[in-house]
> 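So that we are looking at the same thing, I have put the structure below in structure tokens.
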Amino acid sequence: MNSILLDEQEIFPSKVVCIGRNYSEHIAELNNETPDEPVFFFKPNSSISDILTFPKGNSSCHYEAEISFIIEENKISAVGFGLDLTLREVQSKLKEKGLPWERAKCFNGSAVFSKFVSFSDDISKLEVELLINGELKQKGGVELMINKPKEIIDNLLGFSSFEDGDILMTGTPKGVGEFKTGDTFIGKILYNNNLLLEKRFEVH
């Protein structure tokens with residue numbers, strides 16, 4: 001199984017729980033409708049990586065930077081930076097046909113993470129930033145989320161469950177787009193406007 005680092009210790013999430021359409025401006029940039037309830041999809045353990053690789057056999061892939069949490073005993077225990085990679089053209093074709101998104105969202109290496117750090121402070125003050133080749137592409141925080149992390153957890157527990165060590169990705173702010181091999185990503189998690197953690201990725 002693939003692993004992540006939590007306070008420099010290796011853990012093995014069973015899955016990644018993702019929520020779509022959780023920032024209004026991101027919904028608008030993709031011309032989507034605002035959902036009446038949280039939109040969930042799961043990524044398998046095989047999607048987890050700490051290396052950013054452009055998916056082979058595809059001409060286009062989108063980045064989506066997200067505040068990501070580790071869940072233990074159904075509560076947030078740690079925070080990290082995550083990238084939800086999306087084959088947008090594939091996703092659009094599947095959506096048009098009313099088909100599931102797995103081909104566009106759940107491929108190997110489609111959930112890319114920094115290390116995680118234990119966190120028990122006020123999650124409402126967390127923010128994510130993404131720079132690509134030195135240019136700020138995405139910036140947004142919990143205060144902009146339609147569904148806050150606690151609401152997301154409670155909603156999911158109404159029909160599914162978390163295993164200890166599972167990852168929750170909380171949606172992406174506006175600014176998603178294409179990337180290519182050779183790009184340099186710098187992902188940041190800020191707490192109360194101060195840098196909490198940072199991860200540099202070179203696209204392979």
Side-chain angles (χ1 to χ4, degrees), residues 2 4 16-35 39-68 80-115 126-142 144-146 167-190 197-204:
N2 293 327
I4 57 172
V16 182
V17 176
C18 306
I19 183 169
R21 305 184 188 181
N22 203 27
Y23 287 80
S24 296
E25 291 181 342
H26 172 60
I27 294 171
E29 74 179 344
L30 295 184
N31 295 315
N32 287 325
E33 295 182 4
T34 300
V39 176
F40 287 100
F41 59 97
F42 293 177
K43 289 177 181 264
N45 174 274
S46 57
S47 70
I48 294 171
S49 180
D50 61 359
I51 299 171
L52 180 51
T53 302
F54 192 91
K56 294 179 180 179
N58 293 277
S59 60
S60 173
C61 186
H62 277 207
Y63 59 83
E64 299 183 12
E66 310 201 12
I67 300 172
S68 302
F81 173 87
L83 287 167
D84 169 15
L85 302 187
T86 304
L87 302 176
R88 190 73 68 201
E89 294 175 5
V90 175
Q91 184 189 37
S92 295
K93 291 177 181 178
L94 292 168
K95 285 163 59 177
E96 286 173 4
K97 296 177 181 179
L99 297 173
W101 297 354
E102 277 82 355
R103 285 185 178 273
K105 285 282 194 180
C106 301
F107 53 92
N108 289 350
S110 64
V112 185
F113 298 104
S114 69
K115 69 177 182 181
L126 289 170
E127 189 172 35
V128 64
E129 286 187 4
L130 174 64
L131 295 91
I132 302 179
N133 302 326
E135 180 181 351
L136 182 63
K137 293 290 188 178
Q138 291 189 273
K139 182 179 177 69
V142 172
L144 296 177
M145 292 180 184
I146 297 170
I167 299 171
L168 172 64
M169 302 188 81
T170 55
T172 194
K174 68 175 182 177
V176 303
E178 296 184 0
F179 66 100
K180 62 185 184 302
T181 301
D183 285 343
T184 298
F185 282 49
I186 296 178
K188 300 180 181 182
I189 297 294
L190 307 176
L197 61 86
E198 178 177 309
K199 171 70 174 180
R200 179 188 180 97
F201 303 92
E202 301 287 344
V203 183
H204 297 281

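All values below come from the heavy atoms of this structure, side chains included, with hydrogens, waters and symmetry mates left out.
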> Tell me whether Ser49 contacts the main-chain N or O of Ile51 through its side chain, where contact means a donor paired with an acceptor under 3.5 Å.
yes
> Would you find more than 12 non-hydrogen atoms of other residues, nucleotides or ligands less than 6.0 Å from Lys95 atom NZ?
yes
> Drop me the distance from Ile19's CD1 to Leu168's CG, to the nearest 0.5 angstrom.
8.0 Å
> Which pair of heavy atoms, one from Val128 and one from Ala65, lies closest together, and at what distance?
CG2-CB, 4.2 Å
> Charged N to carboxylate O under 4.0 angstrom, Glu178 versus Lys180?
no
> Distance from Leu94 atom CG to Glu89 atom CD, nearest 0.5 Å?
12.0 Å
> Determine, stepwise, if the pair Lys137 / Leu131 fulfils side chain to side chain contact (heavy atoms under 4.5 Å, CB included).
CA-CA 5 Å; Lys137 293 290 188 178; Leu131 295 91; over 6 Å; no
> Would you check if Lys56 and Phe107 make a side-chain contact, meaning some heavy-atom pair closer than 4.5 Å?
no
> Using 0.5 Å steps for rounding, measure from the OH atom of Tyr63 to the CG atom of Leu83.
10.0 Å
> Passes side chain to side chain contact (heavy atoms under 4.5 Å, CB included), Phe81 versus Lys188? Steps please.
CA-CA 6 Å; Phe81 173 87; Lys188 300 180 181 182; 5.9 Å; no
> At their closest point, which heavy atom of Cys106 faces which heavy atom of Ser47, and how far apart are they?
O-CB, 4.3 Å
> Would Glu66 and Thr172 count as a side chain to side chain donor-acceptor pair (under 3.5 Å) here? Give the steps.
CA-CA 5 Å; Glu66 310 201 12; Thr172 194; 5.0 Å; no
> So is Lys199 actually on top of Phe201's ring, under 6.0 Å and inside 45° of the axis?
yes
> Are the side chain of Lys43 and the backbone N or O of Ser110 linked by a donor-acceptor pair below 3.5 Å?
yes
> Within the structure provided, determine whether Glu102 and Gln91 are in side-chain contact (heavy-atom separation under 4.5 Å).
no
> How many angstroms lie between atom CG of Leu52 and atom CG of Leu85, to the nearest 0.5 angstrom?
6.0 Å
> Mark yes or no for whether Asn22, through its side chain, and Met145, through its backbone, hold a donor-acceptor pair below 3.5 Å.
no
> Does the Gln138 side chain pair with the main chain of Gly175, one donor and one acceptor, at a distance under 3.5 Å?
no
> So, are Arg200 and Glu198 salt-bridged, with charged N and O less than 4.0 Å apart?
no
> Judged by atom type as modelled, is there a donor-acceptor pair below 3.5 Å linking the side chain of Thr181 to the main-chain atoms of Val203?
no
> How long is the straight-line distance from CG of Leu144 back to CD of Glu25, given to the nearest 0.5 Å?
7.0 Å
> Do Phe42 and Cys18 have side-chain heavy atoms sitting under 4.5 Å apart?
no
> Just how far is it from atom SG of Cys61 to atom CG of Leu87, taken to the nearest 0.5 Å?
5.0 Å
> Walk me through it: do Phe41 and Lys105 pass the test side chain to side chain contact (heavy atoms under 4.5 Å, CB included)?
CA-CA 9 Å; Phe41 59 97; Lys105 285 282 194 180; 3.7 Å; yes
> Please check: side-chain N/O of Asn2 versus main-chain N/O of Ile48, any donor-acceptor pairing under 3.5 Å?
yes
> Would a 4.5 Å heavy-atom cut-off, applied to side chains only, mark Leu126 and Ile189 as touching?
yes
> Going by heavy atoms in the side chains, are Ile167 and Ile4 under 4.5 Å from each other?
yes
> Run the salt-bridge test on Glu64 and Lys174 with the 4.0 Å N-O cut-off and return the result as yes or no.
no
> Under 3.5 Å, side chain of Thr170 to main-chain N/O of Ile67, donor-acceptor pair present?
yes
